[in-house]
Amino acid sequence: QVQLVESGGGLVQPGGSLRLSCAASGFTFSSYWMSWVRQAPGKGLEWLSTINASGGTTYYADSVKGRFTTSRENGKNTLYLQMNSLKSEDTAVYYCAKDPLLGGSWSYDYWGQGTQVTVSS
């Protein structure tokens with residue numbers, strides 16, 4: 001059974017950094033594209049980043065480009081999101097998600113329970 005577990009969230013001051021992790025199991029992690037999405041209080045889901053299966057290609061939303069970096073360590077079935085220069089607007093629950101197709105479909109079939117990130121002074 002596919003399982004995605006996010007971790008690393010917490011309270012951080014504006015301008016600070018945080019690194020999120022997503023532990024994957026139940027599927028061949030190294031064969032699938034992965035994404036990060038978030039949901040801020042009172043708002044809908046926002047796509048943040050996508051990385052291909054090998055990790056050689058990444059995509060970012062304009063709101064986080066230059067500040068966030070996604071990477072993966074296939075040998076450990078783990079996805080990462082390094083967040084720098086955090087702003088109050090980044091406060092949200094962050095989720096990792098799996099793409100259902102091997103070549104990428106820009107959709108998700110599984111996602112984790114999320115980890116809370118709060119940016120406040």
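Note that the numbering runs from 1 along the sequence shown for the chain. Below, all heavy atoms of this structure are taken into account, side chains as well, without hydrogens, waters or symmetry copies.
- Proximity of a side-chain donor or acceptor of D109 to a complementary backbone N or O of L101 within less than 3.5 Å is not detected.
- Of all non-hydrogen atoms in T50 and W33, the two that sit nearest each other are CG2-CE3, 3.6 Å.
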* Check against side-chain contact (heavy atoms from CB on, under 4.5 Å), Y59 and W47 -> CA-CA 10 Å; Y59 306 87; W47 171 78; 4.0 Å; yes

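- Judged by distance alone, the side chain of T78 and the main-chain N or O of K76 form a donor-acceptor pair under 3.5 Å.
- Considering CD of E73 and OG of S21, their distance stands at 10.0 Å, rounded to 0.5 Å.
- Note: the hydrophobic cluster containing L48 also contains V119 (ILVMFWY, side chain heavy atoms under 4.5 Å, direct or indirect links).
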* Quick one: do T118 and S120 satisfy side-chain hydrogen bond (donor to acceptor under 3.5 Å, both in side chains)? Show the steps, please. => CA-CA 6 Å; T118 302; S120 176; over 6 Å; no

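- Put simply, the side chain of R67 reaches to within 4.5 Å of the side chain of D90, judged on heavy atoms.
- Looking at heavy atoms from C-beta onward, C96 lies out of side-chain contact with S35 at the 4.5 angstrom threshold.
- In this structure, D99 contributes its side chain and W106 its backbone to a donor-acceptor pair below 3.5 Å.
- Hydrophobic clustering of Ile, Leu, Val, Met, Phe, Trp and Tyr side chains at less than 4.5 Å, counting indirect connections, unites I51 with L20.
- In terms of modelled atom types and a separation under 3.5 Å, the side chain of T115 and the main chain of S7 share no donor-acceptor contact.
- With values rounded to the nearest 0.5 angstrom, C22 atom SG is found 13.5 Å from W111 atom CH2.
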* To do: Run the numbers on S63 and E46 for side-chain hydrogen bond (donor to acceptor under 3.5 Å, both in side chains), then give the verdict.
  => CA-CA 10 Å; S63 61; E46 177 188 12; 3.0 Å; yes

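- When all heavy atoms of S121 and P14 are compared, the pair lying nearest together is N-CD, 3.7 Å.
- Within the cation-pi definition used here (under 6.0 Å to the ring centroid, within 45° of the axis), R72 does not qualify as a partner of Y80.
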* Residues M34, N52; criterion side-chain contact (heavy atoms from CB on, under 4.5 Å); working and verdict -> CA-CA 7 Å; M34 298 291 294; N52 73 339; over 6 Å; no

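- Note on L11: it does not cluster hydrophobically with L18, by side-chain heavy-atom contacts below 4.5 Å among ILVMFWY residues.
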* Chi angles and distances behind the ring-ring contact (aromatic ring centres under 6.0 Å, His included) call for Y60, F68 -> CA-CA 8 Å; Y60 298 94; F68 291 10; 8.4 Å; no

* Asked: For Y95 and W36, what are the C-alpha separation, side-chain angles and deciding distance, and is it a side-chain contact (heavy atoms from CB on, under 4.5 Å)?
  -> CA-CA 6 Å; Y95 303 89; W36 286 97; 5.9 Å; no

* Under the side-chain contact (heavy atoms from CB on, under 4.5 Å) criterion, do Q3 and F27 qualify, and how do the steps go? -> CA-CA 8 Å; Q3 187 172 8; F27 67 102; over 6 Å; no

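- Taking the ring centre of Y108 as origin, the terminal cationic atom of K98 falls outside the region bounded by 6.0 Å and 45° from the ring axis.
- The hydrophobic clustering, which links ILVMFWY residues whose side-chain heavy atoms are closer than 4.5 Å, places Y110 and L102 together.
- Pairing each heavy atom of S49 with each of T70, the nearest pair is OG-CG2, 3.1 Å.
- S85 approaches S17 most closely through the heavy-atom pair N-OG, 4.4 Å.
- Shown are Q39, Q116, E6, R38; of these, the side chain to side chain donor-acceptor pair (under 3.5 Å) with Y94 is made only by R38.
- Both L81 and L86 belong to a common hydrophobic cluster when Ile, Leu, Val, Met, Phe, Trp and Tyr are linked at side-chain heavy-atom distances under 4.5 angstrom.
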